[in-house]
Undergrad: 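I'd like to ask you about the structure that follows.
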Amino acid sequence: MTDKLKVAFCGTPDFAVPSLNKLIERGYQLTVFTQPDRPKGRNNKLVAPPVKEIALKNNIPVFQFEKIRSDEGVRTLKKFAPDLMVTAAFGQILSQENLDIPPLGCINVHASLLPKYRGAAPIQWSIIDGEEYTGVTTMMTDIGLDTGDILLKEKVKIGEDENCEELFNRLSLIGADLLVRTIDELLAGTLPRIKQDANQATRCAMLKKETGKIDFRMTSQQIHNLVRGTYSWPCAHAYMDDELVKIWVTKKVDTDYDYNKDAEPGMCVIANPKIGLFIKTGDGIIEVKELQFQGSKRMDAKSLLLGKKLQDRKFI
RNA sequence: CGCGGGGUAGAGCAGUCUGGUAGCUCGUCGGGCUCAUAACCCGGAGGUCAUGUGGUUCAAAUCCCAUCCCCGCAA
């Protein structure tokens with residue numbers, strides 16, 4: 001084992017946790033930088049980022065600058081004097097001054113096959129776009145947005161019904177393994193560095209609430225992708241009589257059902273507690289397995305239909 | 001004290017405004033019927049109506065007060 005490599009770890013959400021855990025296992029000397037606690041939930045209670053929880057449990061120093069590129073952030077980083085810096089879903093932009101501090105540079109773990117899906121929500125967008133494959137890439141961080149040289153890459157197939165929470169979990173574990181392999185090769189001097197082909201690059205935007213709005217004129221497959229890709233947040237949704245309805249789980253329909261083929265997209269063409277809930281789409285119907293009306297709990301469609309009549313009512 | 005919805009049988013809901021025997025759709029148990037079903041028919045069990053030995057009342061799931069829990073929005 002490499003003794004006492006000093007690593008500054010910058011990460012925030014669950015995705016970054018397995019990577020941090022790996023570095024802890026390695027016994028590196030760590031300092032963690034993460035986002036400040038944010039108000040969450042109904043009473044605006046402050047909630048610590050998952051990475052902070054892990055760090056505290058392991059007695060690792062934690063800093064929560066609003067901006068790590070601030071004077072104070074830079075000063076703190078310099079004082080720790082890391083050999084290497086690692087970022088994983090940090091959510092802050094590093095300055096050149098930050099990047100110049102660690103002699104070995106800065107490695108970023110990014111959940112896409114770069115140069116595709118640079119940006120903030122690559123996992124979600126790869127599902128929404130209906131990609132067959134995605135993966136994790138480690139790269140040398142530079143000043144651009146996910147533009148640094150590619151180091152290692154691992155490709156995975158996206159499951160047909162896999163939602164982005166499941167894919168997140170899968171990729172976060174793969175990312176953690178890829179990270180330590182990257183560090184090993186970096187130290188061994190065998191690490192490849194490949195420039196990104198800017199012509200092939202695509203960039204994905206942050207998800208907005210509005211991203212999850214379902215337009216039932218889309219195809220069943222597109223809707224299924226949207227539901228899976230926005231799972232958990234912002235969650236695919238539609239409205240019925242001004243009531244917000246979250247669509248949690250859908251299933252593509254393979255059976256031949258008898259329903260009104262002339263119904264408008266969004267119409268509940270079959271809404272039977274014994275069969276389920278089926279909504280007309282642009283090219284057929286889609287089954288809604290789990291959904292949630294505003295103010296009420298998330299539940300499976302068949303249960304909901306026991307108490308709520310949705311037959312021939314329409315989602316917009 | 002951010003705004004709003006809700007807690008009624010194992011599940012999902014109605015009933016609350018206008019106080020007067022606890023209902024519906026399922027499930028479950030028992031029986032019947034059908035070549036068959038998203039089946040159908042008959043019968044039964046199962047609730048201190050979130051909590052308060054709270055207030056009002058002849059009478060509270062329902063009105064008033066307090067507390068707890070769940071959910072949506074906003075951040």
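Note that the structure is a prediction, hence the values are computed from the model and not measured. Chain letters run A, B, ... following the sequence lines, proteins first, then strands; residues in each count from 1.
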Undergrad: Do any side-chain atoms of residues 197-204 of chain A form donor-acceptor pairs under 3.5 angstrom with protein atoms, and if so which ones, sequence neighbours left out?
TA:
residue: A:Asp197; atom: OD1; partner: A:Asn199; partner atom: N; Å: 3.0
residue: A:Thr202; atom: OG1; partner: A:Tyr117; partner atom: N; Å: 2.8

Undergrad: Can I get a per-line list of side-chain donor-acceptor pairs under 3.5 Å for residues 263-278 of chain A, giving both atom names and the distance, sequence neighbours left out?
TA:
residue: A:Glu264; atom: OE1; partner: A:Lys314; partner atom: NZ; Å: 2.7
residue: A:Asn272; atom: OD1; partner: A:Lys274; partner atom: N; Å: 2.7

Undergrad: For A:Phe33, give me all partners under ring pair (Phe, Tyr, Trp, His ring centres under 6.0 Å), at least two apart in sequence or on another chain.
TA: A:Phe63

Undergrad: Taking side chain to side chain donor-acceptor pair (under 3.5 Å) as the definition, give me every residue that meets it alongside A:Ser126, ordered by chain and number, with sequence neighbours left out.
TA: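 Partners of A:Ser126 under the side chain to side chain donor-acceptor pair (under 3.5 Å) test: none.
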
Undergrad: Respond yes when some side-chain nitrogen or oxygen of A:Lys274 is under 4.0 Å from OP1 or OP2 of B:G27, and no when none is.
TA: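 Checking A:Lys274 against B:G27: at least one side-chain N or O falls below 4.0 Å of OP1 or OP2.
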
Undergrad: I need the residues from residues 242-260 of chain A with at least one non-hydrogen atom less than 4.0 Å from RNA chain B; give them sorted by number, or say none.
TA: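 Correct list: A:Leu244, A:Lys246.
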
Undergrad: Figure out the CG/P separation between A:Leu291 and B:C71, and round it to whole Å.
TA: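 Taking CG of A:Leu291 and P of B:C71, I get 16 Å after rounding.
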
Undergrad: Below 3.5 Å is the cut-off: list the nitrogen or oxygen pairs between protein and nucleotides 4-9 of chain B, distance only.
TA:
residue: B:G5; atom: N2; partner: A:Gly295; partner atom: O; Å: 3.3

Undergrad: In chain order, what residues pass the side chain to side chain donor-acceptor pair (under 3.5 Å) check against A:Ser19, with sequence neighbours excluded?
TA: none

Undergrad: Give none if B:G72 has no partner; otherwise give the nucleotide forming a Watson-Crick or G-U wobble pair with it, both distances under 3.5 Å.
TA: B:C3

Undergrad: Could you tell me whether the side chains of A:Thr147 and A:Asp142 share a donor-acceptor contact shorter than 3.5 Å?
TA: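 Yes, because at least one side-chain N or O of A:Thr147 sits under 3.5 Å from a partner of the opposite role on A:Asp142.
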
Undergrad: Tell me, please, which residues at least two apart from A:Glu53 pass side-chain contact (heavy atoms from CB on, under 4.5 Å).
TA: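 In terms of side-chain contact (heavy atoms from CB on, under 4.5 Å), with neighbours along the sequence ignored, A:Glu53 is linked to A:Ala48.
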
Undergrad: Among residues 301-316 of chain A, which ones have heavy-atom contacts with RNA chain B below 4.0 Å?
TA: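 Of all residues in residues 301-316 of chain A, the ones placing a heavy atom under 4.0 Å from RNA chain B are A:Ser303, A:Leu304, A:Leu306, A:Gly307.
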
Undergrad: Excluding sequence neighbours, so at least two apart, what forms side chain to side chain donor-acceptor pair (under 3.5 Å) with A:Glu162?
TA: A:Arg170

Undergrad: Could you note down all residue pairs passing side chain to side chain donor-acceptor pair (under 3.5 Å) where residues 87-100 of chain A supplies at least one of them, sequence neighbours left out?
TA: A:Gln35-A:Gln92, A:Thr87-A:Asn108, A:Ser95-A:Asn98, A:Gln96-A:Asp100

Undergrad: Give me the other members of the hydrophobic cluster that A:Tyr231 sits in, counting Ile, Leu, Val, Met, Phe, Trp and Tyr linked by side-chain heavy atoms under 4.5 Å, directly or via other members.
TA: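 For the cluster that includes A:Tyr231, the remaining residues are A:Trp248, A:Val249.
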
